[in-house]
Amino acid sequence: MNRFEGKVVLITGAASGIGAACVRRLWEEGASVGVADHNNGGLDKLVTELSDEARVYGATLDVSDGEQVESFVAGAKRKFGNLHGLINCAGIKGVGNVLDCEAENWRKVMSVNLDGTFLMCQAFSRAVQHDKTSRAIVNVSSGAGIMGVPNRLPYVASKFAVSGITRTMGAELGPYGIRVNAIAPGMIRTPFTAYMFDDPEKAKRIRAAHAIGREGQPEEIAAVATFLLTDDASFMTGAVISVDGGQTACIPAV
Ligand code: NAP
């Protein structure tokens, strides 16, 4: 399939995990990509792998820095002309509970996961608001943006907020023809979660928490993210889609 021939999609968190899987999927389907991450080495490796300078614009940035975000979006627009899609994957873990979470930790997690998503959405929307082509945004929330998770308080707060701003921006940007949706992944095997699988007992518990009995792969998130950018999803906006093997589908019977 070449669903993205002539289309330009920006992806943050592109150097690793879900972001990298999105880049590869879009690339295979013909897109030009603007790839951003603060992991310089990982980003360089990805850009080298793609090996067609005409179809790639790369930038090392911190998504929580508004100026860097604006400069990335402006640079991609200068290079490609029109922009059609944005996938916000950059994110960090957030451990801590209501009794022990330090303000600095709280602010760091919110600044990357929430501010970063907001800033990218704002810069992208401003850049494309008057365009006539179809445009769409996909944010990456989490099962922790749908249900509480003890001792992950800052992460949960940031992901509930991502789900909330996605719904609100869907309403705000509908009149401009810009669709905004979010994906709420279950446990996905990436460098973000790799350490959890080192302990076989924990790995067993993780798999048992998903109705289909296993963790997900980043390509399974990329498949839904790319679908949400296509016109097959033309009537979808403001939605938060669980892609989680049934992890948040029901409360276990007791
Ligand atoms: P990942 O493999 O760690 O990839 C995230 C990428 O974002 C990394 O390259 C990371 O760089 C980069 N990044 C972190 N902070 C950044 C910043 N301030 N500015 C720019 N880039 C930054 O994680 P992933 O598993 O693909 O997760 C992607 C998204 O999915 C995250 O938002 C995560 O919360 C969400 N998610 C993941 C899972 C899961 O099970 N994996 C489940 C639900 C939701 P460094 O590695 O250098 O920090």
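As the structure lists them, so they are numbered: ligands from 1, and atoms in each ligand from 1.
- Near Gly91, meaning under 4.0 Å from any of its heavy atoms, are these atoms of ligand 1: 7 (O), 14 (C), 31 (C), 32 (O).
- Of all protein heavy atoms, the one lying nearest to atom 35 (C) of ligand 1 is Val140 CG1, 3.6 Å.
- Within the 3.5 Å criterion, the main-chain N or O of Thr237 finds no donor-acceptor partner in the side chain of Arg179.
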Is there a side-chain contact (heavy atoms from CB on, under 4.5 Å) between Tyr155 and Ile92 once you walk through the steps? CA-CA 8 Å; Tyr155 186 74; Ile92 58 173; over 6 Å; no
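- Summarising the contacts of atom 32 (O) of ligand 1 with Lys108, Lys159, His38, the nearest heavy atom is found in Lys159.
- Not a single heavy atom of Thr12 sits under 4.0 Å from any atom of ligand 1.
- Looking only at atom types and distance, the side chain of Thr133 has no donor-acceptor partner in the side chain of Asp131 under 3.5 Å away.
- Closest to atom 9 (O) of ligand 1 by heavy atom, among Asn39, Asp37, Val112, Asp65, is Asp37.
- Within ligand 1, counting atoms from 1 as listed, the ones closer than 4.0 Å to a heavy atom of Met187 are 40 (O).
- Gly186 counts as a contact of ligand 1, since one of its heavy atoms falls under 4.0 Å from the ligand.
- Residue, atom and distance of the protein heavy atom nearest to atom 25 (O) of ligand 1 are Thr190 OG1, 2.5 Å.
- For the atom pair Ser111 OG and Phe118 CZ, the distance stands at 13.5 Å (nearest 0.5 Å).
- Looking at Val63 against ligand 1, both its backbone and its side chain come within 4.0 Å, counting heavy atoms.
- Under the 3.5 Å distance criterion, with hydrogens and angles disregarded, a donor-acceptor pair is assigned to the side chains of Asp244 and Thr248.
- Atom 2 (O) of ligand 1 has its closest protein heavy atom at Ser16 OG, 2.6 Å.
- Residue, atom and distance of the protein heavy atom nearest to atom 44 (C) of ligand 1 are Ser141 O, 3.2 Å.
- We find the CD-NZ distance between Glu53 and Lys79 to be 6.5 Å, quoted to the nearest 0.5 Å.
- Under a 4.0 Å criterion applied to the non-hydrogen atoms of Ala90, ligand 1 contributes the atoms 7 (O), 21 (N), 22 (C), 32 (O).
- Residue Ile87 holds its CD1 atom at 9.0 Å from OG1 of Thr12, rounded to the nearest 0.5 Å.
- A salt bridge links Arg25 to Glu29: one of the charged nitrogens lies within less than 4.0 Å of a carboxylate oxygen.
- Nearest protein heavy-atom contact of atom 34 (O) of ligand 1 is Tyr155 OH, 2.6 Å.
- Near Asp62, meaning under 4.0 Å from any of its heavy atoms, are these atoms of ligand 1: 17 (C), 18 (N), 19 (N).
- If you check which protein heavy atom lies closest to atom 28 (C) of ligand 1, you get Cys89 O, 3.1 Å.
- The distance from ligand 1 to the heavy atoms of Leu61 drops below 4.0 Å at these ligand atoms: 19 (N), 20 (C).
- Counting protein heavy atoms only, atom 23 (O) of ligand 1 is closest to Phe192 CB, 3.2 Å.
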As a quick check of understanding, evaluate side-chain contact (heavy atoms from CB on, under 4.5 Å) for Arg135 and Leu83, giving each step before the final call. CA-CA 8 Å; Arg135 293 137 293 147; Leu83 307 176; over 6 Å; no
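- If you number the atoms of ligand 1 from 1 as listed, the ones under 4.0 Å from a heavy atom of Ile18 come out as 26 (O), 30 (O), 37 (C).
- Atom 40 (O) of ligand 1 has as its closest protein heavy atom Ile188 N, 2.7 Å.
- For the residue pair Asn139/Thr166, the side-chain donor-acceptor check at 3.5 Å is satisfied.
- Side-chain contact, Glu5 with Asn2: a donor N or O sits under 3.5 Å from an acceptor N or O.
- Between Ile221 and Ile18, the closest heavy-atom pair is CG2-CG2, 3.7 Å.
- Ligand 1 has no atom lying under 4.0 Å from any heavy atom of Gly42.
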Applying side-chain contact (heavy atoms from CB on, under 4.5 Å), run through Val35 and Val56 and close with a yes or a no. CA-CA 7 Å; Val35 291; Val56 191; 4.1 Å; yes
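- Residue Ser142 holds the heavy atom nearest to atom 43 (C) of ligand 1 of all those in Ser142, Cys22, Pro191.
- Remark: Arg189 pairs with Phe197, Arg207, Glu215, Gln217 by the side-chain contact (heavy atoms from CB on, under 4.5 Å) rule, at least two apart or across chains.
- In Ala36, neither the side chain nor the backbone holds a heavy atom less than 4.0 Å from any atom of ligand 1.
- The atoms of ligand 1 that sit less than 4.0 Å from any heavy atom of Ile92 are 14 (C), 15 (N).
- Every atom of ligand 1 is numbered from 1 in the order shown, and the set under 4.0 Å from a heavy atom of Gly13 is 6 (C), 7 (O).
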